[in-house]
Number of protein chains: 2
Amino acid sequence: MTTRKEVADRAGVSIAVVSYVLNDSNYVKEETRRKVLQAIEELGYETNMAARALKMRKTEQLAVLINHMGNPHEAGLLLRIEEHAAKHNYMLFFQTFQKEKESKLKALLNGRVDGIFLLGQSLQEDTLHHFRKQNIPIVSVTTPVTRTEDVTCIDLDWTFEYARLIRLLKAKGHKRIAFMAIRDPEHPLQHRLGAFRRAMETERLQLEENDVFYADEGGLQSAYDKIKPSLSSPDRYTAIVSANDLMAAGIVAACRDRAVHIPNELAVAGSEDILMSSQTAPPMTVIHYPREKVGEIAMEVMLAKMQKRPAADRILQATLVERKSS
Amino acid sequence: MTTRKEVADRAGVSIAVVSYVLNDSNYVKEETRRKVLQAIEELGYETNMAARALKMRKTEQLAVLINHMGNPHEAGLLLRIEEHAAKHNYMLFFQTFQKEKESKLKALLNGRVDGIFLLGQSLQEDTLHHFRKQNIPIVSVTTPVTRTEDVTCIDLDWTFEYARLIRLLKAKGHKRIAFMAIRDPEHPLQHRLGAFRRAMETERLQLEENDVFYADEGGLQSAYDKIKPSLSSPDRYTAIVSANDLMAAGIVAACRDRAVHIPNELAVAGSEDILMSSQTAPPMTVIHYPREKVGEIAMEVMLAKMQKRPAADRILQATLVERKSS
DNA sequence: CTGTTAGCGCATTCAA
DNA sequence: TTGAATGCGCTAACAG
């Protein structure tokens, strides 16, 4: 490995000068600079980021804790965040994160990251406290079940978005609308269920308790399993909204297998607009979650917090994409 | 931030002892150990990974260079690799990687990673040389266009896999089979085109040059755009295989819009088996790429290389999933 | 069994 | 405009 010392020797200067040249942190005579640059070139020298991180107390690395990378929505979000992080020269770690791992988290991230993104996670108070003490900002993309002051959130106004979707369905004559939620009370998708309830109220529709389905997890299969039995009942909801698109796709699949016609017998809608949603049969009506924008804002907020600038929660606007499933 | 020094002071020992306790690297009297552990607990001390990395010349961080995170196949692969990396206490960076960034790569990764995974990339010789000098092993999941000795590859025997798929199609009466490839000659999917050519030969079928379509990139839309015009021609191939599933989905979408019946008028098959492929109309026949296994093996090979154990290229077996599109 | 000490590669203060 | 020297937090060789 080439070190600054070797570069300095070859250029006939001290290591400090090499540092000055590299970081533009001090005036260096043009000729000296040239010599140093040349030595760097010849030796193929590159700064050792570990050493720099130790000295600077800054790693330029960020962590993304992700719930379920199998979900293209979250994968897409991750991708967008990375895109913007890269622009600011931050490297991104990602970790699929289960609660069991939380205790190890502090050890794993200590001295490794300058900030943490949460993609569908909530952390426990003592974990939060630890990162607060270390001055590691936390930005959450999704509203966690329990809010904490140091976690800044980027999310949609789900009540507003669902209300708009409900109006669309109402306009087509639907009165009894079901919702596909998720069982785990800690799961961040719970927030969307709450929002849906409020939206139904706003739109003066009754959300009956047995019109809320609780899948075991957010995947396609779990929604398929949960919805399929209910599809044979004669008296039922005429539309269903799903807390995420993967589960909505599961509903579409169940309808196909039960020969329930979409949208004539049942209208289906999703909440994220992943690519798959445009390819199901029929293509799905969805709330288009602005992943691109959210990624950008998330990084923006993260930068602000790292620089100790104030950073408030951000609510973004989605759009409604009407396709054949409604 | 709590340091080892503070822990040592509180426990009334030297920092070395704290190190010994933490790393189990030296015998410590039970009572002393207890005191140290308690001090650590009380202070909420965690090891600073940056300092450790500097000292040990080992970061326990790995990079994944990924071509197109928008592709669920690659996202899935990333997920699997992360899963296995985590088991061995490695953190994973990922970077969506474009050629323009290659020059910056060395600077970005220097001192940050112990190894690099390539997901559909080829690096230039001087980049490879740099990492070779630093003893940073490189493992590629996909066969790059130009092979290099220090890059170990994990891939399928695509010729074998495509031959099996071709036999399936042949058994259903197909003789003229087209292929959806990708234009960029540097793109790793070129390898699959070459394999398909050989497989056709093996199966004694003629692959006509204008039955090979070259999409501009590997996405759904690009395949859709490329295939759509050709669907109206009366005399044409009766089956098409796509180098990846996203493009196969694009073909299915084009057939839908052109009212070409699948599989009666055209059989379609993909090469990876992403979730979406089971939800298109009709669901697609695909080669099931064993992402789980590949992730495991990739990490295994990486560990071997990091420990300077010999590590040969690995060829894994896929399975054929027959669905309604063929 | 425990303490002292010498770096790892870098940024930076202080002198020159 | 440049150099010498210090220390970031950690590991491990060596001495006791």
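Just so we're on the same page: letters track the sequence lines, and every chain starts at 1. What you are looking at is a predicted structure, and each value in this text was computed from that prediction instead of being measured.
- Lys5(A) has its NZ atom 9 Å from the P atom of dA4(D), to the nearest Å.
- Summarising the geometry, the separation between CG on Asp24(B) and C1' on dT2(C) is reported as 16 Å, rounded to the nearest angstrom.
- Between Thr32(A) and the phosphate of dT1(D), there is no side-chain N or O to OP1/OP2 separation shorter than 4.0 Å.
- Look at Arg80(A) and Glu83(A) and you find a salt bridge, because one of the NZ, NE, NH1 or NH2 atoms lies within 4.0 Å of a carboxylate O, short of that distance.
- Closest contact between the side chain of Thr3(B) and the listed nucleotides dT11(D), dG9(D), dC1(C) involves dG9(D).
- Within the 4.5 Å cutoff, the side chain of Glu125(A) has no heavy atoms near those of the Thr146(A) side chain.
- Residue Arg52(A) places no side-chain N or O under 4.0 Å from the OP1 or OP2 atom of dG9(C).
- Taking a cutoff of 4.0 Å between a charged side-chain nitrogen and a carboxylate oxygen, Glu30(B) and Arg33(B) qualify as a salt bridge.
- Legend: ring pair (Phe, Tyr, Trp, His ring centres under 6.0 Å) pairs involving residues 48-90 of chain A, not counting sequence neighbours, sorted by first then second residue: His73(A)-Tyr289(A).
- There is a side-chain donor-acceptor pair under 3.5 Å between Thr96(B) and Glu82(A).
- The pair Arg314(B)-Glu300(B) meets the salt-bridge criterion, since a charged nitrogen lies less than 4.0 angstrom from a carboxylate oxygen.
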- Go through the steps to decide whether Asp126(B) and Lys106(B) satisfy the test salt bridge (Lys or Arg N to Asp or Glu O under 4.0 Å), and finish with yes or no. CA-CA 10 Å; Asp126(B) 76 314; Lys106(B) 297 189 289 254; 3.4 Å; yes

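- When the C1' atom of dT1(D) is taken as reference, atom CD of Glu31(A) falls 12 Å away, rounded to whole Å.
- Between Arg4(B) and dG9(D) there is no side-chain polar atom (N or O) within less than 4.0 angstrom of OP1 or OP2.
- Between the CE atom of Met1(A) and the P atom of dG7(C) there is a distance of 16 Å, given to the nearest Å.
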Distances under 3.5 Å between protein N/O atoms and the N/O atoms of nucleotides 12-16 of chain C, please, pair by pair.
from, atom 1, to, atom 2, distance (Å)
dT13(C), O4, Tyr20(A), OH, 3.0

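- Put simply, CZ on Arg112(B) is 15 Å from C1' on dG9(C), counting in whole angstrom units.
- Here the side chain of Leu54(B) is nearest to one of dG9(D), dT2(C), dT1(D), namely dG9(D).
- For Thr2(A) and Ser14(B), each mapped to the nucleotide of DNA chain C holding its nearest heavy atom, the one lying further toward the 5' end belongs to Ser14(B).
- The CG-C1' distance, from Asn48(A) to dG9(D), rounds to 15 Å in whole Å.
- Rounded to whole Å, the distance from OH on Tyr27(B) to P on dC14(D) is 23 Å.
- The nucleotide whose nearest atom lies closest to any side-chain atom of Lys29(A) is, among dG9(D), dC1(C), dT2(D), dT2(D).
- What separates CE of Met49(B) from P of dG9(C) is a distance of 19 Å, to the nearest Å.
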